[in-house]
Amino acid sequence: MANAVRERQGPTADVSVVTLPAGEAVRCRRQETSDDTRELGQRPERPNTLVDFHLPIPNSGGWLVLTFSTPIPELVDPLADMFDAIADSLRWTEATRPDGGRDRIAESFTARRVGSAGASDREGGS
């Protein structure tokens, strides 16, 4: 996956394999100015910085892609640190389907804290 991301994003992208609590992920940090942002008046010398995480979904063959972006070059490093922290909060947990089967789903520390009441209690707290 890292090689595919590197090929697709080009030589200026910073692509690496990182270990998160949810497993190994491919992290890609890059800059771009999209057609949409140019239409809105974004200058090419102030591109967006995007940070993507590609994680395999357990037992499915699918991939979860987290994408974060900022149009503010002056804050890119602290925001990239925040994006990393959010990705680092991701955990896989089991959920019961209506038919009684179980699936692995993504859950983040932030979602447990902000989400429905009692979620932290079900996970044993964080």
Side-chain angles (χ1 to χ4, degrees):
M1 175 59 87
N3 289 334
V5 170
R6 202 173 279 115
E7 281 182 29
R8 187 177 32 163
Q9 299 303 333
T12 60
D14 177 17
V15 179
S16 59
V17 176
V18 297
T19 301
L20 302 174
E24 274 197 349
V26 175
R27 180 185 186 274
C28 176
R29 180 174 166 171
R30 65 190 191 285
Q31 292 186 323
E32 73 176 36
T33 305
S34 68
D35 292 339
D36 291 337
T37 57
R38 279 191 293 276
E39 280 183 29
L40 293 172
Q42 185 173 5
R43 298 185 319 249
E45 66 272 12
R46 293 183 58 87
N48 294 323
T49 297
L50 292 91
V51 179
D52 300 325
F53 292 87
H54 303 257
L55 296 103
I57 299 171
N59 307 316
S60 77
W63 290 82
L64 173 68
V65 180
L66 304 174
T67 300
F68 305 93
S69 69
T70 177
I72 308 169
E74 296 82 9
L75 296 178
V76 72
D77 288 330
L79 287 172
D81 289 344
M82 182 182 72
F83 303 155
D84 291 342
I86 293 169
D88 196 49
S89 75
L90 181 72
R91 308 288 190 276
W92 297 109
T93 188
E94 287 193 11
T96 304
R97 296 188 312 256
D99 66 5
R102 303 212 29 104
D103 286 322
R104 301 278 288 170
I105 61 169
E107 181 175 73
S108 74
F109 176 78
T110 305
R112 286 195 309 265
R113 289 287 186 213
V114 176
S116 62
S120 291
D121 296 336
R122 286 192 303 274
E123 291 298 313
S126 296

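Positions are given from 1 along the sequence.
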Undergrad: So which heavy atom on C28 is nearest to which on Q9, and how close?
TA: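 The answer is SG-CG, 3.7 Å.
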Undergrad: Are the side chain of R27 and the backbone of V51 linked by a donor-acceptor contact shorter than 3.5 Å?
TA: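 No; judged by distance alone, with no hydrogens or angles, the pair does not exist.
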Undergrad: Would you name the heavy atoms of L55 and A25 that are closest together and state the gap between them?
TA: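 Taking every non-hydrogen atom into account, CG-CB, 3.7 Å.
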Undergrad: Angle between ring planes, F68 versus F53, binned at 30° and 60°: parallel, tilted or perpendicular?
TA: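 The arrangement is perpendicular - the two ring planes meet at more than 60°.
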Undergrad: Evaluate the side-chain contact (heavy atoms from CB on, under 4.5 Å) criterion for residues R30 and V15: first the C-alpha distance (whole Å), next the side-chain angles of each, then the deciding distance (0.1 Å), finally the verdict.
TA: CA-CA 9 Å; R30 65 190 191 285; V15 179; over 6 Å; no
Undergrad: Are side-chain N/O atoms of N48 and Q42 paired as donor and acceptor at under 3.5 Å?
TA: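 A donor-acceptor contact under 3.5 Å links the two side chains.
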Undergrad: Please check if L66 and V5 belong to a single hydrophobic cluster, counting links between Ile, Leu, Val, Met, Phe, Trp and Tyr side chain heavy atoms closer than 4.5 Å.
TA: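 As far as the 4.5 Å side-chain criterion goes, V5 and L66 are not connected within one cluster.
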Undergrad: With a 4.5 Å heavy-atom cut-off, do E32 and L50 have their side chains touching?
TA: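 A side-chain contact under 4.5 Å exists here.
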Undergrad: Among D81, D52, D77, which residue meets the salt bridge (Lys or Arg N to Asp or Glu O under 4.0 Å) test with R29?
TA: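 Single pass found, and it is D77.
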Undergrad: What are the two closest heavy atoms between V17 and A2, and how far apart are they?
TA: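 Closest pair (atom of V17, atom of A2, distance): CG2-CB, 4.0 Å.
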Undergrad: Working to the nearest 0.5 angstrom, can you tell me the gap between D88 CG and M82 CE?
TA: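 Between atom CG of D88 and atom CE of M82 there are 14.0 Å.
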Undergrad: Looking only at non-hydrogen atoms, find the nearest pair between W92 and P58 and report the distance.
TA: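 For W92 and P58, the tightest heavy-atom pair comes out as CE2-CD, 3.4 Å.
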Undergrad: Minimum heavy-atom separation for L20 and A87, please, with both atom names.
TA: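 Here L20 and A87 meet closest at CD1-O, 3.9 Å.
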Undergrad: Test of understanding: clusters of I, L, V, M, F, W, Y form through side-chain heavy atoms closer than 4.5 Å, transitively. Do V18 and L79 belong to the same one?
TA: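 Shared cluster, yes.
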Undergrad: Give a yes or no answer on whether the side chain of R91 reaches the backbone of S89 with a donor-acceptor pair at less than 3.5 Å.
TA: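 Yes: the side chain of R91 pairs with the backbone of S89.
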Undergrad: Got E74 and R46 here, is their nearest side-chain heavy-atom distance under 4.5 Å?
TA: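 Yes. Closest side-chain heavy atoms under 4.5 Å.
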